[in-house]
Amino acid sequence: APSQQKGRGPPSRTGALHLPRSTRRRSLAAAGGARVRAMAGERALAIFKEDLEGPIEVAKAAAQRLAVVAIVVGKHGTKTDLLPYVAGKVKDPDTPDEILFRLAEQLDIAKLMDGFDPVLVAPLEALCMTEETIVRDAACKTVNSLIAQTAPKIVKEHVAPMLLRLCGEGNWFTARVSACRIFGPVYHAVEKAPDSDELLRQLREVLTKLGADESPMVKRGAASAIGEVADKVTGKAAIAEELRALVRVLCLGPSSGLHEGDPIRILAVGSLPSFAKFSSDSSEGCQVAHEIAAALARDKSWKLRVAIATHLGAVAQAVVGGAGSGLDFISICDQLQRDPEPEVRFVMAQKAVSVAQASSPAAVGGVLVPNLLALVTDSMYRTPQDRAQLAGVLVDLVEHCDANSEAVGRVVGEVSALLASSEESQFVRIQLIESTPKLVAVTGASSPAAKDLMGKVLKFFDLSSQDGGAKAVALAGDMPASGANPVWCWRLRHVASETVGAPELVPLGTDFYREFLAPIVQAALLDQCTLVRVSAITGMATWAARYENAGATPGQWADENVVPALLALRQASETKHPNKSSYALRLTLVYGLECSAGYLSPNGLAQLVSSVADKDVQQEVPNVRVAIARCFARLHQSLDFKGSPAEQMVSGALHKLSGDADMDVKELANAGLAKERLPLTFPHWGPTGAPWCTARVGAAP
């Protein structure tokens, strides 16, 4: 209250009575609200304690609400009442593991307390020492989350000492396992804190002791921690020596010759790529990584050899890309590819490309390619599915060889022979057909190898060269005859038709399309299998999109290649042939028009629209009319006809179909004639799911 107010005497002792009435109301309301919140917090804490002491299901639900209780109790109540109670509950040996697990998950509440508070250390430290694995894992996950949200100085003052206490000699091995889980984040945070050299030295000593611990569980944790430390550490020079010694001991065993168990060493090998990347700028570190990899390739345990085969490529790339550019990893890969254990050979063959990326083209062609080629061509090796997978890897290896090398010639010859062999597995040939575009791109579009490979792909559509039995089987749906796999399976023809739109072939130019791909499209469009026809249409539309402006006028390429192919399909649908379904071919024609309309010239578009509108609008099969209504509706709604007479044809056909007896046909036609495009009517556009042209002016986006 003011000391002097005009017309009034001196203020009373309280002064509050002379405040304005509205101010007094707000003050009383604030005081009342604080008391209500305090009472609510006390009540919530009392209920939480009561439920946590109740039956197991009630206690589990209560533990799950720890964060909610912290919000109700408030920051001060959480620090003074809630967390001390939780710490005591965690240390109680009678507390069930289910409760401890949920409390460990819920203790990530630093954001509710304006940052990390030292009160959180006691319950988390107790949880990290529990016997149950899932409880420790949840506690370590919470600690790592809190470290990410906390300033490095606070981590140095509170979390790092907790880690050192967990590694104390009087604790059980479970505490040291948890220390391994949080070591990487703690060390990385302490590095950023000021005046932390001494503490970092202590942490490095702790890491060395963890790697030499007598408990296998602790050693496994240390082996897992190596990768995280190597990935996050910034001061490499300070910890390089400790990491090199630790990796060597855990991967190879101590100098006494007593090796660790396979699980520990396998985990350590999993951290070897991170260590190699960490040591990439040190010749000594690169040499250690190379020596470990070479020793593991000769190890007696086949599981260790599988582990190093899995990670050899990543190690080689890190070392060769750094200070170890002169080290040889090809010989290690060669040894693993010739391993007596089939699983080792298979894994190394799968990872051969990653090793090739760190090797010279001559070494790849002279060592890796011959070894992998021997596995692919060995019909007795593993299963056809596995050899098919390795066939794809083999073609990927060719991309790392010189195009004119002997290795590439051998691969092309073997692939060509396997494609022509009726004895080879269908799975292997499917993979080789998928990989043919890569081989053609490597050898060159005009090379004899490319001509031979594309000729072999076209042969899969040549039914006239087969005997009557095989031809009948192929036309009847490729069902095996007398238990044997048919020579020309529809899956092979499907993959062959997909090569038309392969991204490796599209840049090779229009001459390549006319010489090699146009015959494949012509044969695939008349195939009995719908997937084969659709793949050919999609591939042809991909070429039309790429070379839309390649001619003298826009759409010239599509007019010269797409329009004749689809008109030939129109003619084939009218031919009375027992082995061709006119119904299916007409649907394919409509789909082809829909996919390629945006890349045609006005005259080319008019030709295709006329071939459909004149004869198929009144088609007796409802599915054909539905397809036409959908296609024409899309054209009418979004295509810029650029003065093409096709616009009138499309509009007239839609008006006819709008009175169709079939409800689906009528609905699609009316949607196409609508002034505004309906956003959910046509979700997909063009062969790749994207619009092939700009929406018409005035249409809704």
Side-chain angles (χ1 to χ4, degrees), residues 497 500-501 518 521-522 524-527 530 532-545 547-548 554-574 581-619 621 623-642 644-654 656-657 665 668-669 671-673 681-682 684-693 696:
S497 65
V500 175
V521 171
Q522 183 179 0
L525 289 179
L526 300 178
D527 198 271
T530 302
V532 177
R533 299 193 304 272
V534 169
S535 296
I537 291 289
T538 304
M540 189 168 51
T542 302
W543 280 80
Y547 296 99
E548 180 181 5
Q556 179 179 345
W557 188 92
D559 289 353
E560 295 175 352
N561 295 274
V562 177
V563 173
L566 294 181
L567 291 180
L569 186 62
R570 164 86 268 176
Q571 183 178 1
S573 67
E574 298 174 350
S581 171
S582 61
Y583 161 71
L585 296 183
R586 288 174 182 175
L587 288 177
T588 305
L589 171 62
V590 175
Y591 179 72
L593 170 61
E594 184 178 330
C595 288
S596 58
Y599 313 121
L600 297 168
S601 69
N603 292 333
L605 178 63
Q607 282 184 273
L608 290 183
V609 170
S610 175
S611 67
V612 175
D614 292 345
K615 300 181 180 180
D616 291 337
V617 171
Q618 303 298 330
Q619 171 62 236
V621 181
N623 284 353
V624 176
R625 301 199 305 275
V626 168
I628 295 173
R630 182 181 62 247
C631 174
F632 282 10
R634 291 178 174 178
L635 300 183
H636 194 263
Q637 284 283 334
S638 295
L639 186 62
D640 183 2
F641 288 94
K642 300 177 182 178
S644 172
E647 184 172 12
Q648 298 298 327
M649 301 179 192
V650 170
S651 179
L654 288 176
K656 290 181 181 179
L657 294 173
V665 177
L668 288 170
L673 293 171
T681 305
F682 315 119
H684 301 293
W685 300 83
T688 59
W692 27 242
C693 59
R696 191 174 53 169

Check: Trp543 side chain, Val562 main-chain N or O, donor-acceptor pair, under 3.5 Å: no
Sub-4.5 Å side-chain heavy-atom contact between Leu608 and Val612: no
Interatomic spacing from OG in Ser651 to CG in Leu673 - rounded to 0.5 Å: 6.0 Å
Closest non-hydrogen atom pair between Ala671 and Gln637, with its separation: O-NE2, 2.8 Å
Arg630: which of Val590, Leu668, Leu635 passes side-chain contact (heavy atoms from CB on, under 4.5 Å): Leu668
Ser497: which of Val521, Val532, Val534, Thr538 passes side-chain contact (heavy atoms from CB on, under 4.5 Å): Val532
Considering all heavy atoms, the nearest Ala629-Ala669 contact: CB-N, 4.3 Å
Least distance between heavy atoms, Leu525 atom then Leu569 atom: O-CD1, 3.3 Å
pair Ile537-Leu566: side-chain heavy atoms closer than 4.5 Å: yes
For the student: nearest non-hydrogen atoms of Ala653 and Val617, plus distance: CB-CG2, 3.9 Å
Salt bridge (Lys or Arg N to Asp or Glu O under 4.0 Å) involving Arg533 - partner list, sequence neighbours excluded: none
Smallest separation among heavy atoms of Leu587 and Ala627, with atom names: CD2-CB, 3.7 Å
Ser601 and Gln556, any side-chain heavy atoms less than 4.5 Å apart: no
Minimum heavy-atom distance between Tyr599 and Ala541, given as atom pair plus value: CE1-O, 3.8 Å
Pairwise side-chain contact, Val621 with Arg586, heavy-atom cut-off 4.5 Å (strictly under): no
Backbone of Ser611 reached by a side-chain donor or acceptor of Arg570 within 3.5 Å: yes
Ser610 side chain near Met649 side chain, heavy-atom distance below 4.5 Å: yes
From CG (Leu600) to CD (Gln607), nearest 0.5 Å: 9.5 Å
Contact check, side chains of Cys631 and Leu593, non-hydrogen atoms, under 4.5 Å: yes
Pairwise distance CG(Asp527) to CG(Leu585) - rounded to 0.5 angstrom: 10.0 Å
Flag if over 12 foreign heavy atoms under 6.0 Å of CD, Glu560: yes
Rounded distance [0.5 Å steps], CG in Leu657 versus CZ in Arg625: 8.0 Å
